[in-house]
Amino acid sequence: MEARHHLYLLVVAFVFYEQPVLAVSADQSSVVYPWPEPTFYYAKEFFYLIDTDHFDFRATNNTCNILKEAFRRYAAIILGSAGKEQQSGAVNGSKSTTVGDSVAEVMVQVNTPCNDGDRPNADSDESYYIAVNAAALVMANEVWGAMRGLETFSQMIYQGDMGRLIVNESEVTDKPRFGYRGILIDTSNHFISVPILLQNLDAMELNKFNVFHWHIVDDISFPYQSEQFPNLSDKGAYNKYTHVYSKTDVMQVIEYGRLRGIRVIVEFDTPGHTLSWGKGQPDLLTKCYTGDKPNGQFGPINPILQSAYTFLDSLFAEIGRLFPDDYIHIGGNDVNFSCWESNPEIKEFMKQMNYTALQLEQYYFQKVLNIVRDLYRKNIVWQDVYDNGVLSAGTIYQVWKSDWQSTIATLTAAAYETILSSCWFLDNISNSNEWIKYYQCEPYDFKGSMEDKQRVKGGEAILWSTYVDDTNLMTKIWPGASAVGERLWSDISVNNVTAAFPRLIEHHCRMVRRGISAEPLGPGYCIKEYKAPV
Ligand SMILES: *[C@@H]1O[C@H](CO)[C@@H](O)[C@H](O)[C@H]1NC(C)=O
Ligand SMILES: *[C@@H]1O[C@H](CO)[C@@H](O)[C@H](O)[C@H]1NC(C)=O
Ligand SMILES: *[C@@H]1O[C@H](CO)[C@@H](O)[C@H](O)[C@H]1NC(C)=O
Ligand SMILES: *[C@@H]1O[C@H](CO)[C@@H](O)[C@H](O)[C@H]1NC(C)=O
Ligand SMILES: *[C@@H]1O[C@H](CO)[C@@H](O)[C@H](O)[C@H]1NC(C)=O
Ligand SMILES: *[C@@H]1O[C@H](CO)[C@@H](O)[C@H](O)[C@H]1NC(C)=O
Ligand SMILES: *[C@@H]1O[C@H](CO)[C@@H](O)[C@H](O)[C@H]1NC(C)=O
Ligand SMILES: *[C@@H]1O[C@H](CO)[C@@H](O)[C@H](O)[C@H]1NC(C)=O
């Protein structure tokens, strides 16, 4: 039924926009179709003008700074999309064409109290309802849903002839399919500056993502400036002055995300991927041996030294104070045993404990899990931790290898929670048609009961920064990640590539209009092209 509405609307919108003065373009042909697709969206062939002189939002019930900030943001987005020419001239060709029929005030009703300091979390309610008629209303249970509704509302407004802003009489009911809709950015292979990270949070809000997974350090560099261990970034960052994230930087990113209903989950990946840590923290890493001599190389964190755990305990306590989310990502991917197995002290320890290297890793992980639990934090790990035999209640396993169906089936059947990433490695984009593969990857496409499937909490698109820096980060992520965004937000039945394509083209132009350097999806143009900052 809903699908039929959608098709009908698309066709109607197309016919309508062939007529007006403005040239038909990617911008206009399928305009007023929000992305990701709402659960229920119905627009009548009847519209209202936006009264741009008096336009504003009004909180009718509960309000807080988060909501007020969202009002400011969306008023600017909506009014900013109006051209100068809109202030004069009448709209032609409609049943309702007088200027008196205009929307000046949007009432926003949040049904539960919201406080200035609230944070989004795994249980945030992002559902909302919109009704546009003589009075426009956005209603939500929580402020997080109101924000998603404001985004949709902003996408329902379009420019008619003479450049005037228009919104159709319409009704929207919407909620996300998955509660966890993330994007990973690696800031170690290349340093990504704070303004670009913030810009990406804007783009995430536009695409209804709600988790920024900050893969902040790795083998190559250590840009996180620790208060307790300044040597980590002094020695491990590319540049200790210019290529670091200070405490203030981190707080700015978290706050910017919070105001957009986006959680920031930081990852400190151990015991592997830690070569940069070793530069500022002597004796942390395993010395690799060739025969009976150290060969000058280093391996994963040395799991047999108490000093390693004391250090991690202090570092994670600091991280826990700075990053408020309920979850910390503790990594665990690609642990290479060969260095551990070459080191005589570790060999001796393994012999005494009767451990294999695998069991040694399990021993390490139990200790790190205890450290994180002592901070009252839940954790996410890469699937490798499960592959290597560590199963821990309350952990979310991030599945990234290609045989994801069997891994997710096993994990969820054993009642563990997972998020999926295998299909969504953004750094491997060869051309923009890659979005089709992203779009067609269905997280429920594995053998399991409905109960098992509900243990898939969502997914995450991943951008390793090996070939990515400030110059191309946004372009690499968008609009590819938009396909992931719709997969994770919209109903399972919204999976028709042909139907999605024109909407995605329009969405691409919408992003470009808002200043996001999303790359094109093929030949064509946007009415308002991207303007590079000068
Ligand atoms: C919006 O209203 C106009 C004018 O009545 C109509 O031509 C157009 O098709 C409507 N748009 C949608 C998406 O229904
Ligand atoms: C919200 O406010 C409106 C009036 O502005 C009132 O009619 C309604 O009962 C309120 N709803 C809640 C849930 O408080
Ligand atoms: C409105 O449409 C009519 C006929 O379709 C046309 O003659 C007239 O010039 C149009 N007015 C404007 C302001 O576009
Ligand atoms: C940092 O490293 C220097 C040696 O380069 C050392 O002297 C100093 O004690 C270290 N600082 C801390 C806090 O460990
Ligand atoms: C593991 O590390 C050793 C050096 O310690 C290296 O020779 C080997 O290629 C690594 N294995 C993998 C799979 O990366
Ligand atoms: C060592 O562990 C293996 C299995 O992991 C077990 O079969 C063996 O009995 C153990 N040896 C000792 C001395 O505990
Ligand atoms: C991405 O591309 C690299 C290099 O071409 C390749 O090694 C890697 O396996 C690819 N990853 C995925 C997930 O396709
Ligand atoms: C997919 O969408 C296209 C275009 O809207 C439509 O023609 C086609 O029938 C749809 N396919 C399915 C399987 O629904």
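Read the numbers this way: they start at 1 and go in the same order the structure lists the ligands and their atoms.
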Cationic tip of Arg377 within the cone over Phe323's six-membered ring, i.e. under 6.0 Å and within 45° of the normal?
no

Any side-chain heavy-atom pair of Leu305 and Glu345 under 4.5 Å:
no

Phe349 side chain near Tyr363 side chain, heavy-atom distance below 4.5 Å
yes

All side-chain contact (heavy atoms from CB on, under 4.5 Å) counterparts of Ala481, not counting sequence neighbours
Ile183, Phe209, Leu426, Ile477, Trp478

Kindly assign one of parallel, tilted or perpendicular to the pair His329 and Trp382, based on the angle between their ring planes and the thresholds 30° and 60°.
tilted

Which ligand 4 atoms are under 4.0 Å away from a heavy-atom of Lys235?
1 (C), 2 (O), 3 (C), 4 (C), 5 (O)

Which of the ligand 4 atoms, numbered from 1, are nearer than 4.0 Å to a heavy atom of Asn231
1 (C), 2 (O), 3 (C), 8 (C), 10 (C), 11 (N), 12 (C), 14 (O)

Is Glu227 salt-bridged to Arg321, cutoff N-O under 4.0 Å?
no

Are any of the side-chain nitrogens in Glu442 or Lys453 under 4.0 Å away from the carboxylate oxygens of its partner?
no

I'd like the contact residues of ligand 6, where contact means a heavy atom below 4.0 Å.
Asn354

With a 6.0 Å cut-off (strictly less than), is the heavy-atom count around NZ of Lys287, excluding the residue itself, greater than 12?
no

Is Gly299 close enough to touch ligand 5? Criterion: a residue heavy atom under 4.0 Å from a ligand atom.
no

Check contact between Gln228 and ligand 4, using heavy atoms of the residue and a distance below 4.0 angstrom.
no

What atoms of ligand 5 come within less than 4.0 Å of a heavy atom belonging to Ser338?
1 (C), 2 (O), 3 (C), 4 (C), 5 (O)

